[in-house]
**Student:** 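Please read through the structure below; I'll follow up with questions.
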Amino acid sequence: NKNFEDVRCKCICPPYRNISGNIYNRNVSQKDCNCLHIVDPMPVPGHDVEAYCLLCECKYEERSSNTIKVTIIIYLSVVGSLVLYMLFLLLIDPLIRKHQPYTQQLHNEEDAEDIPPQAEDALDRGSTVLERVEGAQQRWKKQVQEQRKTVFDRHKMLS
Amino acid sequence: NKNFEDVRCKCICPPYRNISGNIYNRNVSQKDCNCLHIVDPMPVPGHDVEAYCLLCECKYEERSSNTIKVTIIIYLSVVGSLVLYMLFLLLIDPLIRKHQPYTQQLHNEEDAEDIPPQAEDALDRGSTVLERVEGAQQRWKKQVQEQRKTVFDRHKMLS
Amino acid sequence: MENSGFCNDNYNSGTSDDDMVDISGATLDFSDDVPQIEGDHFGAVSSSGGVTNGQAKLMDLLDEAVPGVGTYEDFNTIDWVREKSKDRDRHREIAIKSKQSYWALLHSVNDAFSGWLLMLCIGLMSGALAGLIDITAHWMTDLKEGVCLDGFWFNHEHCCWTSKETTFHERDKCPQWRSWAELMVGVSEGAPAYIVNYLMYVCWALLFAFLAVSLVRAFAPYACGSGIPEIKTILSGFIIRGYLGKWTLMIKTITLVLAVSSGLSLGKEGPLVHVACCCANVLCHLFAKYRLNEAKKREVLSAAAAVGVSVAFGAPIGGVLFSLEEVSYYFPLKTLWRSFFAALVAAFTLRSINPFGNSRLVLFYVEFHAPWHLLELAPFVLLGVFGGIWGALFIRANIAWCRRRKTTRLGRYPVLEVVAVTLATAVLAFPNEYTRMSGSELISELFNDCSLLDSSKLCDYVNQDAANITKPSNELPDRPAGAGLHSALWQLSLALLFKMVLTVFTFGMKVPSGLFIPSMAVGAIAGRLLGVGMEQLAYYHHDWPLFKGWCSQGADCITPGLYAMVGATACLGGVTRMTVSLVVIMFELTGGLEYIVPLMAATMTSKWVADALGREGIYEAHIRLNGYPFLEAKEEFGHKTLAMDVMRPRAGGRRGDPPLATLSQEGMTLGEVEALVGGTKFSGFPVVVSQESQRLVGLVLRRDLLISIDNSRKHQEGVVSASRVVFSDPPPPQVENGPPDLKLRSILDLSPFTVTDHTPMEIVVDIFRKLGLRQCLVTHNGRLLGIITKKDILKHMAQMANRDPDSILFN
Amino acid sequence: MENSGFCNDNYNSGTSDDDMVDISGATLDFSDDVPQIEGDHFGAVSSSGGVTNGQAKLMDLLDEAVPGVGTYEDFNTIDWVREKSKDRDRHREIAIKSKQSYWALLHSVNDAFSGWLLMLCIGLMSGALAGLIDITAHWMTDLKEGVCLDGFWFNHEHCCWTSKETTFHERDKCPQWRSWAELMVGVSEGAPAYIVNYLMYVCWALLFAFLAVSLVRAFAPYACGSGIPEIKTILSGFIIRGYLGKWTLMIKTITLVLAVSSGLSLGKEGPLVHVACCCANVLCHLFAKYRLNEAKKREVLSAAAAVGVSVAFGAPIGGVLFSLEEVSYYFPLKTLWRSFFAALVAAFTLRSINPFGNSRLVLFYVEFHAPWHLLELAPFVLLGVFGGIWGALFIRANIAWCRRRKTTRLGRYPVLEVVAVTLATAVLAFPNEYTRMSGSELISELFNDCSLLDSSKLCDYVNQDAANITKPSNELPDRPAGAGLHSALWQLSLALLFKMVLTVFTFGMKVPSGLFIPSMAVGAIAGRLLGVGMEQLAYYHHDWPLFKGWCSQGADCITPGLYAMVGATACLGGVTRMTVSLVVIMFELTGGLEYIVPLMAATMTSKWVADALGREGIYEAHIRLNGYPFLEAKEEFGHKTLAMDVMRPRAGGRRGDPPLATLSQEGMTLGEVEALVGGTKFSGFPVVVSQESQRLVGLVLRRDLLISIDNSRKHQEGVVSASRVVFSDPPPPQVENGPPDLKLRSILDLSPFTVTDHTPMEIVVDIFRKLGLRQCLVTHNGRLLGIITKKDILKHMAQMANRDPDSILFN
């Protein structure tokens, strides 16, 4: 199936005398990709074939439809999961976080300064994998917030 | 005459069936430079002409024989005069110079140092054009001698 | 890290363990050999074995460097000299070790080849990402019009790829591909179908744009914009943590596709450079050699910039020259060779993916080889003038709009702005065929030379001579224009206006946006219009003396596609002020030397005209707008000021400058030092023999000093405020009964750069540029007078150019 | 100028009025604004109006610079910083003046465009000269075989250009062209004819070679050799007067033709670079901006180097990259753009001359576009290894031979040497068809892909399939070799040996000699042999698993011409260690991106292999052999020494160095100063506040000091040996009744570069390279300790590399 769909030989023949332009399209191997093989119901009589074929342009083309399929699907799934995660962060995360005061503090300290970062360190030093991931996530969120302030609020960069 | 000689259309036709390879050469304009015009006693019968012509390669070429002629003649005359001048400097000049003591001194001072260069200045300041040219020539000779010593005798450079 | 990124006095930034790349995850992976700042309130500490690590390092506290010394804060400038010295030390160490054991020898060989391996990885990854972007962007662009029933993942062209129903005049039409109108109302023609298609087009465009700006805002705000100004600044030695991180990479790749597909007047070329640099930075983390050295990392990033252009235009040599001419700051010859390698690898990766199905790396590859006549240079120069004028005007308008966005209320609604501009773009674009198609397709169409095989409206000529069948198809004579061409010209004129206006508002929005494609589109339209005009002129007036001799009737003397190409080059040159790289990129697009002269004439004219109207290219203008600390290498410093006019404190103590804060090499107590450091905001302190003689010993950086003091207070016993701080070597004898001395010679830079106060500033600027200095001390007759930092120089240059010196934000 | 070129203490060199160019004539033309040294015993004075000029200048003696101050002696290094400052001062002056009058405005515009005008002239002149060289060399090469009766100025090919008597197998044979045997003994075949032709061939070769070496010896000894090592040195800031002069230009052009035509194993590419640089230097004299500034002149020379390669290979981009990568030292972006322009102009000039009659700029342009398979990379890498090994061995052998020539009696007979080598070459070359033809023709033949149209022996395959007539001629399948090919292979093997041996002895003889063509020929022969071998292997063993899948029977899978190309690239890369520029030159020869990967693989392998066998390329090796003061920019300085280890006098006064000679800024008498200057040979003297404190004020150069003192003694009244020499500002009050003070602040460099004694040498070397310094002062805690000159650094580097530090001859 792959071989069938992924190669083609396309001949474009311009208008010639009273014959209008035409496109011929067949999937053959590269070796056979020439006007004589592809233009099947030859629209001109025998002695004109050579002249007609001189005008036609035949191109052998390959593609990989699997690559296209996989690429598009990967892309869509990444976008989808990102959108979901974004919605989660926007809508659901704040609701959960309400019950965790120290994270809340971190989350809201945007304009406060000089807060001793022990809380954060405690997160980093978490002994279980889950806590570490949590800590990394918190740090990442802080960083994104910082970036957002730099770019969107203060307009210090990228404006 | 110029137009006649300076353009050509050259068709090279490889061996085909029992016909050996051939070269056709005519001076025609670029527009007419194709196999049908150039290959004059067509060696194949009518129905084979197209196939034979497909194999031939016709190239339109231009040249300027005047450029070639002028270039070669200029080059030869420059080389000729340089050789004559070289012979003059080698053979005749020393004979003439014998009677001019201060130039002789300049000529032979190669290994002497600290010679006050008044003599040379006197040459430079010559009031007539001839004397100035003479002075320039003497300076140039000194320079060439210096170069010769650097390159050929001391091997300080370019070795 | 709150609010502290822009001032110098916090050394405990949370992310010092992770240079420039974002932090999540990285600490888990690489924490063992990344320099970490130990101690509790030094911010984030490596989570793996922090305590035992700290204990082990306590032993060699004064022999080895204190951890954290020698790193940089966010939004600061690196010291190239120090970084390069560090790398040479590393090299020497490896070279010495490699003579001792086979394992070390292997290690040294691996070290030597790791640069090439890294380049290979960057090329592969960037090529793959570019392929992904090309394929998906193509598909999503077509998604605005319809969908393929054979498989939703096919774009319009691939949907009809195997179809036998395509005709000569409607090459992309096949039953498998359904427009939204066909799917929703069942008809493909008429007013209802048009309205449905129109609505769907606008909706999809709005959705894509909204998604793009939301994702950028939510996950990686640094992913917006073109990225080239920031990368130029980073390559000159600035540090922006997270700008080239993993999240930026992912979000920029994804939103770039969305932004391009939304039909906005933007291109993918600039962002591709950013993406390639992100790849390079992420991959640098796999090699200690590059991870730990900011200067080496910048060499790699220079190569990555070349890779970006290489995949964007399929022009490896042009990419390398682009990096050399436009982006890079420090570009040694080794980098030249490596970036060429990386650019080639990327180009071949992309070609093997074959995103456009034509074995080319770009949509608008040019295949004609028609000759041009010397007289045609006049219209080419005219196009150059147009490109220059447009480029200069565009820069002014865009900068004015961006300044408005930066300073007024407009900047508070980035999402709304994007949506509004997208709405306007989509509504205006749909009715006009030439604005509806994507930028690259438009350029491809305009570059195309009309042969008999073409059926587009632009090739609708009246075929008079039906008998010329034996000629090869690319030697068609000039023909009179048909009705289709006339209407196409009108549409193109409107498209020109549309592109010219909308690009000004689009570039700089909070989505990934490149400038190359829109600029090229503007130029290509103008060029094509001129080309067709010239062609018709030559056809109808072939007896004018002007055309006589080279453009007789029946000759193919004017190629409108070439005019479009020249116009595109001119406009791109006017906007970016690229020269050699632009010509070489275009040369690689055509693959023949025959068009270099027209391209060069247009580029040169365009640059001269644009330079006459405004000195800066778009990237420099954006750098200045944002106040990045970038010392332009191309600009000559032409004023006759001296170092004494720029240094701080100014000579004679004018202008209320604080006095120069210096440390004595002996005889200051820790308390005094801390008071001095705490009371000022300087990032470095010169150390002198004594306060009276002011004879310079060396320079100590604030960050290093604070870290070392803190470290000693914590780990060295008996260090109190009354301890003497000693920089001299050999140290003076320890005072009996007194607290132990704090010996800090190890952090003292014994070879600070000095200039005399009479040194012309042009030489000082030259030294800063070429050696990549951060600061320089000023002396007079051997006495220390003051200090000049990079920021001082930038402020001085701004002042000299009658600009606001406070626009320089960063250090 | 006798015997004084190599020491520092004569400032009155005879040619200071004429920078780098030879003197005759120049003084007559340009004497009005060339800086002249006035006074009688200052050597040559401008001959036009010397006296009145001198009177006028007397007035502003102390306001304006003393004439002669700021110029350089022969065989000395320029101070880039000073030259660039001078140029900026000039710019500023013009900019200020341009606001005052229209005339000045016009002058400033003219000044701004003079750079472009100069580039245009260089391009035109170099292109024309290259055309002349190509045409005449071609003709004279054929002259060795026979003469054209239609017009003696036609070479063999042009003689038969219009002939209808040429046949398919003997394309150049026509009755108009007569071999010497036909003319002299009347027969064209058989032993007598062969012997006559042989004799004539040898005689002509000897005549040409003898003429070449005689002309070089008589008129311009600097015209010999390739010139690239010297141009590299000049571009790094060295001064060799006359090296780029008019006579050198003329003699090099003329003798290059003779040398190439004599059939010696040498090429014209390197000397063409020298010729282009001579053109640039001669043309610089028309523009005051470039004539008077050594740094600006070197920018132009960098561009000229690009022009040289551009005309040699028809590769403008490759030429620019060659200049950037291989030749240039200081290459600002402005130069990049200008050199590209000049390279293009030259290429188009040459193309319009059309020396080969094929609209190409080189004989060996490649026109095939056969694909290659990934597996073929293995033989390509093998060719790279061969190229690397040959390159390294060639360099060693050639350097050893050149050292022998330099040091032993061999060097005393340059003319005899040339004649002997020519005799050997001619005698050995004639019997073998592939050595008899010129290098370029051989390469062209080897690069050629065999089509049906070719009739050469290399294309003598057995045609089995006579029916494949409908296929285009470039898709011939692999075929078995015929008898002609077998004999050609034998001849090629012998030719390979011949070229490999004779090139070693040829390169470095006292005739203009380039290395590119012989290296490429060696590589191309090796490559073609391997290619034909591979082809036959694939033909006879197409069922091996190795070939299965891509090289089935009847397929055209291996292109021997491509192997030749790759081999040529590899050998050239091994000898010159070029990388990017080499690949780009080859890319421009083929015009398609498809062969970049093979070329790159071979170049990379070749460079790695060659570097492993010997660090230096041929040009660096020759620079070192001659002891030129060249600070290689590519080589990293990897030793851990400090500035105090290199400076003179050494710290602690070891090694019997003389103490540091310093001047005090006040309080020294003229007699003391003259005694100090006369008693030492240093080229510069630091000025300190007082001998006790050693605090640095500035630096004064020996040449400036001597000229100023002399000038004052002559033109300022009352200056005697007891006069005080004063450098301070404001000057101390004049002592009453005493002789007038000599105020020399104007010649004092107030901003000398200083480093501390603890600065690592790697940083010092970096500063010297990047800023182009001549000397640098070393301080410790603000006290002057010593001085480091470029020569000190080079000596130190030689010492570190265990070479003889006294090999550095020049300053």
Side-chain angles (χ1 to χ4, degrees), chain A residues 5 8 12 14-17 20-23 25 27 51 54-55 57 61-65 67-69 71-75 78-79 82-83 86 89-90 109-113 116-118 120-121 124-126 132 135-137 139-140 142-144 146-148 150-152 155-159, chain C residues 1-3 5 14-15 22-25 27-28 40-41 43-45 47 50 132 135-136 139 151 153-154 158 161-164 166-168 171 211 214-215 217-222 224-225 230 242 254 257 353-354 357-358 402 405-406 411 414 452-453 455 469-470 473 508 510 625-626 809:
Chain A
E5 271 192 358
R8 71 169 175 187
I12 306 178
Y16 176 74
R17 300 203 177 152
S20 68
N22 240 320
I23 289 184
N25 204 344
N27 45 351
L54 264 179
L55 290 175
E57 196 180 65
E61 285 176 322
E62 278 181 66
R63 69 164 180 184
S64 162
S65 49
T67 307
I68 296 174
K69 186 169 154 187
T71 306
I72 299 287
I73 287 172
I74 287 177
Y75 178 79
V78 170
V79 170
L82 276 177
V83 169
M86 183 170 70
L89 285 182
L90 273 179
E109 66 178 359
E110 293 181 14
D111 297 311
E113 281 185 35
Q118 274 86 351
E120 196 195 347
D121 281 352
D124 291 348
R125 302 231 168 147
R132 276 193 214 160
Q137 195 201 13
R139 274 205 312 283
W140 168 68
K142 263 183 62 190
Q143 231 186 355
V144 172
E146 186 57 38
Q147 289 187 13
R148 208 175 294 149
T150 309
V151 175
F152 285 95
H155 296 287
K156 293 256 178 192
M157 272 181 58
L158 284 160
S159 51
Chain C
M1 236 181 106
E2 271 66 37
N3 263 334
T15 51
D22 60 50
I23 188 169
S24 67
T27 30
L28 294 166
D40 271 329
H41 73 267
V45 183
S47 47
L132 181 134
I135 290 175
T136 41
W139 173 70
W153 54 83
F154 283 129
H158 278 129
W161 208 70
T162 48
S163 165
K164 289 183 171 50
T166 52
T167 62
F168 186 75
R171 305 206 176 169
L211 262 183
S214 308
L215 286 174
R217 202 179 135 72
F219 294 113
Y222 282 170
C224 67
E230 284 75 26
I254 283 169
V257 172
I353 293 176
N354 195 5
N358 59 357
C402 284
R405 185 187 290 128
K406 192 183 173 93
L452 279 176
L453 303 176
S455 66
I469 46 160
T470 51
S473 53
K510 293 287 179 287
L625 177 71
N626 284 308
L809 281 174

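The chains referred to below are lettered A, B, ... by the order of the sequence lines, with proteins before strands, and numbering in each begins at 1.
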**Student:** Shortest non-hydrogen contact from C/W161 to A/E61?
**Tutor:** CH2-O, 3.4 Å
**Student:** Using the salt bridge (Lys or Arg N to Asp or Glu O under 4.0 Å) criterion, which residues pair with A/R148? Sequence neighbours excluded.
**Tutor:** none
**Student:** Heavy-atom distance under 4.5 Å between the side chains of C/T162 and A/N25, does that happen here?
**Tutor:** no
**Student:** If the condition is side-chain hydrogen bond (donor to acceptor under 3.5 Å, both in side chains), which residues does A/T71 pass it with, not counting sequence neighbours?
**Tutor:** none
**Student:** Rounded to the nearest 0.5 Å, how far does CZ of C/F219 lie from CG of A/L89?
**Tutor:** 5.5 Å
**Student:** Roughly how far, to the nearest 0.5 Å, is NZ of C/K406 from NZ of A/K156?
**Tutor:** 8.0 Å
**Student:** With only heavy atoms counted, which part of C/I254 is less than 4.5 Å from chain A, the side chain, the backbone, both or neither?
**Tutor:** both
**Student:** Would you mind checking which part of C/T136 comes under 4.5 Å of any heavy atom in chain A, side chain (CB onward), backbone (N, CA, C, O), both or neither?
**Tutor:** both
**Student:** Please look at A/E62 and chain C and tell me whether the side chain, the backbone, both or neither of the residue comes under 4.5 angstrom of a heavy atom of that chain.
**Tutor:** backbone
**Student:** Taking all non-hydrogen atoms of both residues, which atom of C/W153 and which atom of A/S65 are closest, and how far apart?
**Tutor:** NE1-O, 4.3 Å
**Student:** Rounded to the nearest 0.5 Å, how far does CG of A/N22 lie from CZ of C/F168?
**Tutor:** 8.5 Å
**Student:** Where is the tightest heavy-atom contact between C/C224 and A/V151, given as atom of each residue plus distance?
**Tutor:** SG-CG1, 4.0 Å
**Student:** Chain A heavy atoms under 4.5 Å from C/S163: which part of the residue, side chain, backbone, both or neither?
**Tutor:** backbone
**Student:** Enter the distance from A/E146:CD to C/Y222:OH here, rounded to the nearest 0.5 Å.
**Tutor:** 7.0 Å
**Student:** Could you check C/L215 against A/M86 for side chain to side chain contact (heavy atoms under 4.5 Å, CB included), going step by step and ending with a plain yes or no?
**Tutor:** CA-CA 8 Å; C/L215 286 174; A/M86 183 170 70; 4.1 Å; yes
